[in-house]
Structures are given as structure tokens and as C-alpha cells.
Amino acid sequence: TLNEGFANAPIYAWRRDASGRIDWVNRRYVEGVEAPGLDTVLACQIELLSGDGANVVRSMAEKARSSHKEVSDRHSTILGGTRTTLQISETPYAGGTFGYAIDISAQVSATEALVRQMRANEETLDRLHRGVAVFNTDMRLGFANERFAQTWSLDHTWLETHPTMQEILNYLREKNRLPHARDFKSWCDDFITDCKTVSDPLERQWHLPDGRSLHVIAQPHPMGGVMVLFEDVTDHYAMRRDAATVSAVYHATFSRLGEGVVVLGLDGRCRLANRAFRELWELENDDLKSMHITELGKRCAHLFSDRTLWSKAIAHVSAADGEREVWTETLKRTDGTVIRLSSAPLPDGATMFAFQDITDSFHK
């Protein structure tokens, strides 16, 4: 039963006597060495590996006999005209040894392809403008790109020792490079725990003592562990502060004008309306934010109901070309008030309308 089983098994199998001579091989062995038959293999003592490889296998068998332990190694050879990688083992058996070899070419090719892919990924990560650190399942650094070392001013030699995340955070705290926390241990433990158990991308904002702001993203790594990305968003926050300052100045300026001012976007909706505009058109109690110009015209109809003017205003607002010019108009309202309307395009495509009460100067 064993003879028949090994004869048809999808492995290369053979047996040696106490002197190391081959006294049996299975069918696949005969096919692999391209021998006419079993008798030829035994008569010529054809080893599975050719050339210097034959001595290697015989040495493995001798070592297995002397040590009474299995000896295994990986070798490449040509079998059946195809380059093959074999996992060869020699095991002590009945005074001699029993040998077998398993074709692991597919596994080796897959491993080599995986290694190439991982190297390609690491090269890609090295070109990113974000700092990237990959930690394995025990939170020990497996990979860090160049940007990561630059972001934290870390020595490459130290990073190559694969420190843990705890060691890296402790070092950065000693150098005063981490956000200040009342209880650093709790802050550090919470962050490491979150990284260990992360299932969906985890985001944090770190404001560092040197004035920088970092956007920190932790997400599961496909090979296990966690990948942490550090993006310097200092300029982004500075731009937001500048934009907020400009916007505040913008609103404060318009709110203090004596003229009634309303700003409408390309979609015809109200972006800003100052107090003078609300008072002039008796709209103090109305919410004008995002109100469309057609609705705005309806709210003002009790004082000025000329639809032609409002249609012209709609066309002026929706004209997206750069040829829009300043438009002026004099309005005589039903309550006797005379209003001068002036409109002007703004750089962002919006349109500003200014309404000034000129009743006295008009009659004079």
C-alpha cells in the first residue's frame, strides 16, 4: 500500500540504504530525471539534482544518518525541461534514509512577486509628501519613509532598529515635539490602543509646540498592523485663518456702510445683506440668507413693484462673462422715496447691489 501510494504521490520520493545508495524511487522521480525506467535510475544512481547538486543531496542523507534527525533544504534545478524549486528532505529510515522533494516553484514565485510588490509600494511611499510609518501587529516599526524621518527629525539608523510606537512617542516627547497633554501617559496609551484596534481610518489633529499642525491618519495595513500618515497642514490652517480674517473685515466693512448693500452669487442667492439694506426695504425681521433674488423682489414689491427692473437684475446676476459693467438706476418707490441703485461685479463672480436714499438731493 505504501509503495503504491508513494509511486503515485505528487512528490519526488526515494530511499537509500545504509551506504547511501539509492535502492528505490517513485514514478515521479523517474519522470523528473527523464530516465527510461526505475532500473536505469538504480543502476546509474541518478540523483534528483544534477551536477554539484547531486553531492549536496548525498551530503544531506549522510548528515541525516549521522545525526538521526531530518535534514531539509531548498534547491533549484531543471526537471522535465522546466526550472523548478524543490524543498528537499532526507529522514533517517531503517538504517538508511527516506528522501522526498516537494515542488514549491509556485510558492517561491508568489513570494518573489509579493516581495517585488512590497518594494514597489515602499518606493512609492518614499515619494509621498506625507510622512508614512507602518507598524506590525506588536506595534513595532516595520517601515518608515523619508518624509516621516524629516517630519520628526529622526535618525535613520535608529529607525532601522525597528523601535516600538511607544518608544518613538516617548522619544518625541523628550524632544518636545508632540502636542502638550496634561496626562501624557493616558494620551499615549489611548493613541496606541486606537491604532491597535483601528478598523476604519482614524483621524487626529496635532498642534505641535513649534507651531506646526499635523493631520494624523491611522488605518489598517493590508499585511497586518497599522499604517499611520502624518501630513503637515500648517499652511492650510494659516490660509483658513487669513480667509476668516478677510471675511470678518469684509462683513464688518459692509455692515457699517450707510448704503444698503446686498451681495448675490451666480446662483442668484443672497450671500450678504447689511443692516442699512434691511432697514431701507423694511426687511428687518426676514431671514435673507440664501434667499433667491426672485423671492427678494417679492419681499420688496410693496415698495417697488416694477417687475422689469427685477428681471433686469436677475439677468445681470446670472451673466457669467467678464463683460458685466456697473449698472445704475433711479427708483421711485410707492412711499415717495427715491433710491439710486448701483450694481458692480465682484472678482469671485458674485454681484453687489448698493441702494442709496437720494430723496432730498433728487427733489432739490
In short, Trp327 meets Ala313 closest at the heavy-atom pair CZ3-CA, 3.8 Å
### Query
Stepwise, does the salt bridge (charged side-chain N to carboxylate O under 4.0 Å, His left out) test hold for Lys364 with Asp360?
CA-CA 6 Å; Lys364 183 176 179 181; Asp360 294 340; over 6 Å; no
Practice task
Go through the steps to decide whether Ile88 and Arg74 satisfy the test side chain to side chain contact (heavy atoms under 4.5 Å, CB included), and finish with yes or no.
Solution key: CA-CA 6 Å; Ile88 302 174; Arg74 179 181 298 183; over 6 Å; no
The single option from Thr111, Thr85, Leu86, Thr84 that satisfies side chain to side chain contact (heavy atoms under 4.5 Å, CB included) with Ile104 is Thr85
| request: Run the numbers on Asn170 and Gln166 for side-chain hydrogen bond (donor to acceptor under 3.5 Å, both in side chains), then give the verdict. | output: CA-CA 6 Å; Asn170 287 340; Gln166 180 76 59; 3.2 Å; yes
- Can you check side chain to side chain contact (heavy atoms under 4.5 Å, CB included) on Leu154 and Tyr171, steps first, answer last? CA-CA 10 Å; Leu154 296 174; Tyr171 177 82; 3.4 Å; yes
Separation between CG (Leu296) and CG (Leu264), nearest 0.5 Å, reads 7.0 Å
Review point. Crowded around Glu62 CD? As in, over 12 foreign heavy atoms under 6.0 Å?
Key: no
| Would you say the side-chain atoms of Glu167 pair up with the backbone N or O of Thr164, donor to acceptor, closer than 3.5 Å? | yes
By side-chain contact (heavy atoms from CB on, under 4.5 Å), Ala218 pairs with (sequence neighbours left out) Cys195, Leu202, Val226, Val228
Per ring-ring contact (aromatic ring centres under 6.0 Å, His included), Phe191 is matched among Phe184, Trp206, Phe135 by Trp206
Note: Pro163 and Ile168 closest approach over all heavy atoms is CG-CG1, 3.8 Å
In this structure, CG of Asp235 is separated from CZ of Arg240 (nearest 0.5 Å) by 13.5 Å
Distance col, row Cys188:SG vs Leu169:CG, nearest 0.5 angstrom, shows 4.5 Å
Looking only at heavy atoms, the pair that brings Leu257 and Ala276 closest together is O-CB, 3.8 Å
>> Starting from Leu178, can I reach Ile192 by hopping between I/L/V/M/F/W/Y residues whose side chains sit under 4.5 Å apart?
In response: yes
Nearest heavy-atom approach of Thr234 to Gly211 is CG2-O, 3.8 Å
query: Passes side-chain hydrogen bond (donor to acceptor under 3.5 Å, both in side chains), Ser213 versus Gln205? Steps please.
result: CA-CA 7 Å; Ser213 296; Gln205 302 295 332; over 6 Å; no
- Item | Single-linkage hydrophobic cluster, 4.5 Å side-chain cutoff, Ile22 and Leu49 together | yes
Before giving the answer on side-chain hydrogen bond (donor to acceptor under 3.5 Å, both in side chains), spell out for His75 and Gln87 the whole-Å C-alpha distance, their side-chain angles and the decisive distance to 0.1 Å. CA-CA 7 Å; His75 294 279; Gln87 186 69 35; over 6 Å; no
Practice item. Could you tell me whether the side chain of Asn274 and the main chain of Glu259 form a donor-acceptor pair under 3.5 Å? Key: yes
Exercise for review: Could you please spell out the steps behind the side-chain hydrogen bond (donor to acceptor under 3.5 Å, both in side chains) verdict for Asn176 and His180?
Suggested key: CA-CA 8 Å; Asn176 194 32; His180 290 156; 3.0 Å; yes
*Thinking salt bridges, do Arg130 and Glu231 make one under a 4.0 Å N-O criterion?*
yes
Quiz prompt | Verdict with reasoning, Arg204 to Asp194, per salt bridge (charged side-chain N to carboxylate O under 4.0 Å, His left out) | solution = CA-CA 11 Å; Arg204 295 284 188 273; Asp194 290 341; 3.1 Å; yes
Nearest heavy-atom approach of Val317 to Gly265 is CG1-O, 3.1 Å
The remaining residues in the hydrophobic cluster of Ile358, counting side-chain heavy-atom contacts under 4.5 Å among Ile, Leu, Val, Met, Phe, Trp and Tyr, are Val338, Phe362
Q) Is Asn145 reaching over with its side chain to a backbone N or O of Val132, donor-acceptor style, under 3.5 angstrom? A) yes
### Task
Look at the side chain of Asn26 and the backbone N and O of Ala13, then say whether any donor-acceptor pair between them is shorter than 3.5 Å.
yes
Self-check item: Polar side-chain atom of Arg147 near backbone of Gly131 as donor-acceptor pair, under 3.5 Å
Solution: no
ILVMFWY cluster, Leu172 and Val134 together (side-chain gap under 4.5 Å): no
Are the ring centres of Phe355 and Phe304 closer than 6.0 Å?
no
If the plane angle is over 60° it's perpendicular, under 30° parallel, otherwise tilted; pick one for Phe148 and Phe230. tilted
To the nearest 0.5 Å, atom NE2 of His68 lies from atom OG1 of Thr91 at 13.5 Å
- Sub-3.5 Å donor-acceptor pair from the side chain of Arg15 to the main-chain atoms of Phe98, do we have one? no
Hits for salt bridge (Lys or Arg N to Asp or Glu O under 4.0 Å) against Asp335, two or more places apart or cross-chain, chain-then-number order -> Arg333
- Is a side-chain N or O of Ser109 found less than 3.5 angstrom from the main chain of Ser105, in a donor-acceptor match? yes
The salt bridge (Lys or Arg N to Asp or Glu O under 4.0 Å) partners of Glu47 (sequence neighbours excluded) come to Arg16, Arg58
Residue set satisfying salt bridge (Lys or Arg N to Asp or Glu O under 4.0 Å) with Glu31, at least two apart, ordered chain then number -> none
Closest non-hydrogen contact found for Arg65 with Gly95 is CD-O, 3.8 Å
Members sharing Met239's hydrophobic cluster, built from side-chain contacts under 4.5 Å between Ile, Leu, Val, Met, Phe, Trp and Tyr, are none
- Worked verdict on Glu90 versus Glu70 for side chain to side chain contact (heavy atoms under 4.5 Å, CB included): CA-CA 6 Å; Glu90 288 278 3; Glu70 181 181 81; over 6 Å; no
* Can the ring centroids of Tyr100 and Tyr12 be said to lie less than 6.0 angstrom from one another? -> no
- Item | Side-chain donor or acceptor of Ser76 paired with backbone N/O of Arg83 under 3.5 Å | no
Review point. Between Asp210 and Arg212, is the closest basic N to carboxylate O distance under 4.0 Å?
Key: yes
Carboxylate-amine/guanidinium proximity below 4.0 Å for Asp357 and Arg340
no
message = Check for me whether the distance between the ring centres of Trp152 and Trp158 falls short of 6.0 Å.
response = no
Here the gap from Cys270 atom SG to His292 atom NE2, rounded to the nearest 0.5 Å, amounts to 11.5 Å
inquiry  = If you apply the rule side chain to side chain contact (heavy atoms under 4.5 Å, CB included), what do you find for Asp232 with Leu214, and how did you get there?
reply    = CA-CA 5 Å; Asp232 191 334; Leu214 298 182; 4.0 Å; yes
To the nearest 0.5 Å, atom NZ of Lys63 lies from atom OG1 of Thr97 at 14.0 Å
